[in-house]
Amino acid sequence: MSAAAAPHYDVILIGAGPAGAACALALRHSGLRVALVDKARFPRDKVCGDAIPGPALKALRRLSEDFYQELRARTPRADTQISRLVAPDGGQARVQWQLPTFSSPRLHFDHHLLNLVRRHTATHILENYAVRDVHTTTDHATVVPADGSTPLTAALIIGCDGANSVVARKLLPRPLDRRYHCAAVRAYYRGIAGTDEHRTEFFFLKEYLAGYLWIFPVGDGTCNVGFGMVSDQIAAAQVNLKDTMLALLAQHPELAPRFAGAEQLTPIVGFGLPLGGTPRPLTGPRFLLCGDAAALIDPLQGHGIDTAMQSGILAAAQVERCFRAQNFSAEYLRHYEQQVQAQIGRRLARSYRLMRFLADKPWVVNVGCRLARQPLIKKWLLKLVG
C-alpha cells in the first residue's frame with residue numbers, strides 16, 4: 001500500500017518491536033490491510049539485557065524456517081551455549097542450553113526482525129510515527145498521531161508499544177503496582193577479564209536477591225552489563241540502581257578484578273519491566289495488547305522477547321478469527337486473553353511465586369546452586385524455573 005493511500009486499515013499494530021513484527025509476519029497470508037507504526041526510525045536502540053531466548057527463535061522458526069535462517073545470518077550476535085549462575089556465597093552452577101540462543105544488541109536484532117516484515121509482507125510501515133491518543137467506537141478504532149496529521153482508523157488496534165504503552169494507558173489504565181514491576185540499568189563494556197563469548201553470567205547477591213547482576217556478551221568483545229530488582233524492593237530499601245551497580249563492579253570480590261581494566265563504552269541507562277504473574281485484562285472492544293504492553297516479562301529470569309513474539313503470533317490468530325466472524329467485541333476478543341493465560345500466563349505466575357519465595361532466602365539460592373551440580377537435580381531445577 002502506498003503512503004498516499006487512504007489512512008484506513010483492517011489492523012493497525014502500534015509498536016514495531018518483537019511483538020509487533022511477529023504479529024505482522026504471522027498475518028502475512030491473511031489478505032488484511034495491515035499498518036505497523038512506531039515512534040522511532042529503525043535501527044534504534046532499545047535499553048534491554050539483549051538476551052534473545054531460545055523460545056523467541058523457536059516461535060520465529062514455526063512461522064518460517066526461512067525467516068529464522070535469514071535473521072541468524074544477518075544479525076550480529078554472540079551465540080550462547082552456557083549460562084553461569086553465581087550464588088550469594090560464591091558457589092556456582094552452569095547451565096547448558098539446548099535451544100539455539102544468542103545475545104545481540106536490540107539495535108541490530110529489532111532492525112533485522114523488522115526487515116523481515118519489509119521483505120516478506122505487504123505491511124505498510126510508518127516510522128517516526130508517535131501516537132498521542134487511541135480510542136474506539138462501536139464501528140472502528142482511531143489512532144491519533146502526535147504531529148497533528150490525519151488520524152488513522154482500523155477495525156482493530158493491537159498495542160505492541162512496550163512498557164509505557166499508549167494503548168494500555170488510554171484504553172486499559174491501571175496504577176503502577178511495584179510488586180509486579182522491575183527496574184534495571186545497563187551499559188556496554190569492553191575488555192572485561194575472564195569473559196567467554198558463548199557464556200552469559202548471572203550474579204545473585206545476598207543484599208539484592210529480588211533481582212541480579214548480569215554480564216551478557218553481544219559479540220565483537222562487547223558485553224551488556226546490567227543490574228535490576230523488583231521495584232517494591234527498590235523503594236523499600238531506597239536502592240539507587242546506577243550507584244549500586246558501579247559499587248558492585250568496583251567491590252564485589254570476583255567482579256572488581258575483572259572490571260579493573262574494562263572500558264565502559266556507554267552511559268548507564270535505565271528501563272522498566274512490567275512483570276507477568278498476575279491475571280489482568282489484555283483486551284477490550286476493537287483492541288488487544290501484546291508483549292511488554294501486556295506485562296509478559298518473566299519475573300524470575302527477566303526476559304520478555306520470547307513472550308512478546310509468542311503473544312504477537314497469538315494476536316494474529318485472534319485477528320483472523322475476528323475477521324472471519326466479523327466480530328470485534330470485547331467478549332469475542334477475550335479468547336486471545338484466554339490463550340495468553342494458558343500458553344504464557346500460567347508459567348509466568350509460577351515464576352513470580354518462585355521469585356518471591358527466593359527473594360529473602362539467600363541460603364536457598366546457595367543450596368540450589370550446589371545441588372544443580374548433580375545432573376538429575378539440575379534437570380529438575382531447570383524444569384522448575386522454565
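Quick note: residue numbers are just sequence positions, from 1.
- Between D110 and R44 there is a salt bridge, since a side-chain N of the basic residue sits under 4.0 Å from a carboxylate O of the acidic one.
- Hydrophobic clustering (ILVMFWY, side-chain heavy atoms < 4.5 Å, transitive): V218 and F203 are in distinct clusters.
- R169 has no carboxylate O lying under 4.0 Å from a charged side-chain N of D133, or vice versa, which leaves the two without a salt bridge.
- Side-chain contact check for T200 and W214: no donor-acceptor pair (N or O, by modelled atom type) lies under 3.5 Å.
- D38 meets the side-chain contact (heavy atoms from CB on, under 4.5 Å) test with A16, A40, F42; sequence neighbours excluded.
- With sequence neighbours left out, the ring-ring contact (aromatic ring centres under 6.0 Å, His included) criterion links Y129 to no other residue.
- D147 contributes atom CG, which lies 10.0 Å from atom CG of N128 (distance to the nearest 0.5 angstrom).
- Transitive grouping of hydrophobic side chains (ILVMFWY, heavy atoms separated by less than 4.5 Å) brings V143 and L126 into a common cluster.
- Ion pairing of E201 with R258 is present here, as a side-chain N (NZ or NE/NH1/NH2) and a carboxylate O approach within less than 4.0 Å.
- In the hydrophobic clustering of this structure, M229 does not group with L176; members are Ile, Leu, Val, Met, Phe, Trp, Tyr whose side-chain heavy atoms approach within less than 4.5 Å, directly or through other members.
- Q69 and R72 share no side-chain donor-acceptor pair at under 3.5 Å.
- The aromatic ring centroids of F328 and F287 lie 6.0 Å or more from each other.
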